[in-house]
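Structure first, then comments.
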Amino acid sequence: MKDSVASSFTTMQEDVLFDVPYSSAAPFHEYYGDGPPPSRLGMGCGWQSFEVARRVRERTGVKATLLFSGRHIVAVYPGADDLVVLDPYLLHRLPVVLRRADAADGVVTATEDAFPFRTTASGEPRPSKLRLRWTPTSGGMHSEYSRYSPRLDRYVTFRAFTFRPGSRLPAFPPPRGLVLRLLLHAEQNNVSIRSIDRDSGRMRELVLPFTGRPRDQLVDERFLITKDNQGAVSHAGTDGFQRDLTEICASVAGSPEELVGYLLGAAEIYAAKAPEDLEVPEYSLEDE
């Protein structure tokens, strides 16, 4: 692989991480509302992968293969000797390179550090981890993203996806009907925006959980929470909440009113469209 292409993988991955945050609110506005919000307010997880692939192609002419797990999309670049993976949703800063020569019992495994970078009570660094397992003969791949939990003092798996052989997405975006169904999936128990500050590397989230109250009380800013880089939860109206919200606003060049309205607007769409009998899993309000 040419050095210029490899460099572009890293640059585009970082640019999407810092400039196009993940937001589960964005697809509700795009598909049920007035259209996609500005990219600084984020994109859904699959849209982040498409965005990094689009930027790489514009810069280098190299086209990604899009793998589809049923709930997630990842951009990969097959080579003669390796597979390069870009998945901004899983927060790795460097491209993950899976080399055929590293296969053990037919499987290639690689791990990269990811955001958030946390610390233990004694100040020891504990970066998040993205671990990939790839079977070159079949093309199947499994990704597992874990974070250090300060509360539990151990790593916890946060997300895992399996990409089966041949599970390629021929075009992006997926069919509109599929997206609409996925937005109202039972796993959707919140709307959120997650930002990473380019200078400090600190990650913060603004979240409106959907659980713990009736549907007619869903759109209520009093139930907003934030999470700081250590995963500590702060509730609306507290000093911690205001501190975190200020940091998020600075990262995405927005105001508190814009961000709160952005999430409440997505929640209003969800409340109007989701089936009344839809049961969603409880959203944890514990510190991570």
Side-chain angles (χ1 to χ4, degrees), residues 20-37 39 41-51 67-74 87-91 143-145 147 156-163 167 169 172-195 203-227 231 233 235-236 248 259-286 288:
V20 189
Y22 165 71
S23 174
S24 59
F28 285 98
H29 288 288
E30 178 173 356
Y31 282 85
Y32 282 115
D34 297 328
S39 61
L41 293 181
M43 295 180 176
C45 58
W47 279 251
Q48 282 187 302
S49 292
F50 178 68
E51 179 65 12
L67 301 184
F68 182 49
S69 72
R71 290 279 296 163
H72 185 49
I73 298 164
V74 62
D87 190 349
Y89 175 63
L90 297 186
L91 296 165
S143 62
E144 183 175 308
Y145 167 73
R147 292 181 190 170
V156 176
T157 298
F158 264 69
R159 295 288 184 271
F161 300 103
T162 297
F163 301 91
S167 60
L169 192 69
F172 195 92
R176 182 177 179 84
L178 173 61
V179 176
L180 295 178
R181 290 195 300 274
L182 290 177
L183 288 179
L184 302 180
H185 193 278
E187 292 181 10
Q188 186 70 49
N189 65 353
N190 71 90
V191 287
S192 67
I193 181 170
R194 178 182 73 192
S195 71
M203 189 179 89
R204 287 185 170 84
E205 299 176 70
L206 176 66
V207 186
L208 180 65
F210 286 162
T211 54
R213 60 195 186 280
R215 179 67 64 85
D216 61 0
Q217 297 177 27
L218 200 66
V219 188
D220 190 332
E221 64 182 287
R222 293 176 298 176
F223 291 93
L224 285 165
I225 64 168
T226 57
K227 291 185 179 182
V233 173
H235 295 262
I248 297 169
L259 263 64
V260 169
Y262 172 58
L263 260 61
L264 293 180
E268 186 173 3
I269 293 170
Y270 175 88
K273 298 296 183 180
E276 287 290 340
D277 59 352
L278 183 65
E279 295 185 8
V280 299
E282 191 75 17
Y283 186 94
S284 175
L285 297 178
E286 285 189 304
E288 290 182 7

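Values below: every heavy atom of this structure, side chains too, minus hydrogens, waters and symmetry copies.
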Could you point out which residue of L180, L178, V179 forms a side chain to side chain contact (heavy atoms under 4.5 Å, CB included) with L182?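 It is L178; the other options fail the test.
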Determine the interplanar angle of the F172 and F50 rings, folded into 0 to 90°, and report it as parallel if under 30°, tilted if 30 to 60°, perpendicular if over 60°.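 Aromatic pair F172/F50 classed parallel.
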Between Y145 and F158, what is the ring plane arrangement, given parallel below 30°, perpendicular above 60°, and tilted in between?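 Y145 and F158: perpendicular rings.
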Quick one: does NZ or CZ of R159 land under 6.0 Å from the six-membered ring centre of Y89, within 45 degrees of the ring axis?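 Checked: cation-pi criterion not met.
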Closest heavy-atom contact between [X] and [Y]?
{"X": "S39", "Y": "P21", "result": "O-CD, 3.8 Å"}
{"X": "L169", "Y": "P174", "result": "CD2-CG, 4.2 Å"}
{"X": "L41", "Y": "I193", "result": "O-CD1, 3.4 Å"}
{"X": "S23", "Y": "P27", "result": "O-CD, 3.5 Å"}
{"X": "P173", "Y": "Y31", "result": "CB-OH, 3.6 Å"}
{"X": "E286", "Y": "V233", "result": "O-CG2, 3.5 Å"}

May I ask you to test the C45-Y22 pair for a side-chain heavy-atom distance under 4.5 Å?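 They are in side-chain contact.
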Counting distance only, does the side-chain N/O of [X] pair as donor-acceptor with the main-chain N or O of [Y] below 3.5 Å?
{"X": "R194", "Y": "G42", "answer": "no"}
{"X": "Q188", "Y": "N190", "answer": "yes"}
{"X": "N189", "Y": "P281", "answer": "yes"}
{"X": "R215", "Y": "P275", "answer": "yes"}
{"X": "Q48", "Y": "V20", "answer": "yes"}
{"X": "R213", "Y": "L218", "answer": "yes"}

Under 3.5 Å, is there a donor on one side chain and an acceptor on the other for S192 and E205?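 No, because no side-chain N or O of S192 sits under 3.5 Å from a partner of the opposite role on E205.
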Take atom [atom1] of [X] as the centre, draw a 6.0 Å sphere, and report whether it contains more than 12 heavy atoms from other residues, nucleotides or ligands.
{"X": "D216", "atom1": "CG", "answer": "yes"}
{"X": "Q217", "atom1": "CD", "answer": "yes"}
{"X": "E144", "atom1": "CD", "answer": "yes"}

Going through the distances and angles, do V74 and S143 end up as a side chain to side chain contact (heavy atoms under 4.5 Å, CB included)? CA-CA 10 Å; V74 62; S143 62; over 6 Å; no
To the nearest 0.5 Å, tell me how far [X] [atom1] sits from [Y] [atom2].
{"X": "F210", "Y": "F223", "atom1": "CZ", "atom2": "CZ", "result": "13.0 Å"}
{"X": "L184", "Y": "Y32", "atom1": "CG", "atom2": "OH", "result": "4.0 Å"}
{"X": "D87", "Y": "F163", "atom1": "CG", "atom2": "CZ", "result": "6.5 Å"}
{"X": "H235", "Y": "T226", "atom1": "NE2", "atom2": "OG1", "result": "9.0 Å"}
{"X": "E221", "Y": "L264", "atom1": "CD", "atom2": "CG", "result": "6.0 Å"}
{"X": "H72", "Y": "T162", "atom1": "NE2", "atom2": "OG1", "result": "12.0 Å"}

Could you go through the side chain to side chain contact (heavy atoms under 4.5 Å, CB included) check for L91 and M203 one step at a time? CA-CA 10 Å; L91 296 165; M203 189 179 89; 3.9 Å; yes
Worked verdict on H29 versus Y262 for side chain to side chain contact (heavy atoms under 4.5 Å, CB included): CA-CA 9 Å; H29 288 288; Y262 172 58; 3.6 Å; yes
Tell me, with the steps shown, if I225 and Y283 meet side chain to side chain contact (heavy atoms under 4.5 Å, CB included). CA-CA 11 Å; I225 64 168; Y283 186 94; 3.7 Å; yes
